[in-house]
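Everything on this sheet refers to the single structure shown next.
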Amino acid sequence: MGQPADSSGNPVSSEKATDRVEFETMLLGRYSIAARYRRDGTRLDRSAYVLLSRLSVEGPMSIGQLTEAFGLDTSTVNRQSAALLRAGLVDRIPDPVGGIARKFRITDTGEQALESERQANTDGLDRVMVNWSAVDVAAFASYLERFNTDIERLDGRPWPRP
């Protein structure tokens, strides 16, 4: 396959490529693809979006399960879930399998907010990648999935995928 190259076609070492990945992921973390395109003021904050996404894929979860899934302390998950409860995006239900812990379940309002946010994110990505070929978009998606699943493997917290 050959040695990796930079955008000018010049060979780079894997160490240099890793430096570039670090820098580019730092930049990616500062961008909000949908935020600048949302004019209706309904944007979910990052923690709400991630928590609702997890509940949507996995179903009802307890504070303990959410704490473990995200690797956060209980007080952080309590604060985030309380905000979602107040906003009507989740509700608390008895454990469907009969346990004593109550679980958080995404509400219809939460599902609608999540879908709206996903659509805004997808629309933003479509605008950013308008000049990319379908092959390039698919390759980028595959690399991102591989990158994320390798992080999850090292962290011991796999993310359920739809």
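Proximity of a side-chain donor or acceptor of Ser81 to a complementary backbone N or O of Val77 within less than 3.5 Å is detected.
Interatomic distance, Glu111 CD to Asp108 CG, rounded to the nearest 0.5 Å: 7.5 Å. To the nearest 0.5 Å, atoms CG (Leu84) and CD1 (Ile106) are separated by 8.5 Å. Here Met129 contributes atom CE and Thr122 contributes atom OG1; the two are 11.0 Å apart, rounded to the nearest 0.5 Å. For the atom pair Leu125 CG and Trp132 CH2, the distance stands at 9.5 Å (nearest 0.5 Å). To the nearest 0.5 angstrom, Lys103 atom NZ is 5.5 Å from Ser62 atom OG. Put simply, CD on Gln119 and CG on Leu114 are 11.5 Å apart, with the number rounded to the nearest 0.5 Å.
Residues Thr76 and Arg79 have side chains in contact (heavy-atom distance under 4.5 Å, counting atoms from C-beta outward). No side-chain heavy atom of Glu58 sits under 4.5 Å from any side-chain heavy atom of Gln65. When side chains are defined from C-beta on, Ser53 counts as touching Arg118, because their heavy atoms get closer than 4.5 Å. Residues Thr107 and Gln112 are not in side-chain contact: their nearest non-hydrogen atoms beyond the backbone lie 4.5 Å or more apart.
Using a 4.0 Å cut-off between a side-chain N of Lys or Arg and a carboxylate O of Asp or Glu, Asp150 and Arg153 qualify as a salt bridge.
Among all heavy-atom pairs drawn from Ala69 and Arg157, the shortest one is O-CD, 3.2 Å. Across every non-hydrogen atom of Glu22 and Thr25, the tightest pair is O-OG1, 3.0 Å.
Follow the hydrophobic side-chain contacts under 4.5 Å out from Val50 and you never reach Val57; the two are in separate clusters.
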Name every donor-acceptor pair, under 3.5 Å, that has one atom in a side chain of residues 87-95 and the other anywhere in the protein, sequence neighbours excluded.
unit_1 : atom_1 : unit_2 : atom_2 : d
Asp91  : OD1    : Arg105 : NE     : 3.3
Asp91  : OD2    : Arg105 : NH2    : 3.1
Asp95  : OD1    : Val97  : N      : 3.0
Asp95  : OD2    : Gly99  : N      : 3.4

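Sequence neighbours left out, the pairs with a member in residues 70-110 that pass ring-ring contact (aromatic ring centres under 6.0 Å, His included) are Phe70-Trp159.
Checked against side chain to side chain donor-acceptor pair (under 3.5 Å), Glu152 has the following partners two or more places apart in sequence or in another chain: Arg161.
Within a 6.0 Å sphere centred on CG of Asp73, other residues, nucleotides and ligands contribute more than 12 heavy atoms. Annotation: Leu154, atom CG; neighbour count of heavy atoms from other residues, nucleotides and ligands within 6.0 Å is above 12.
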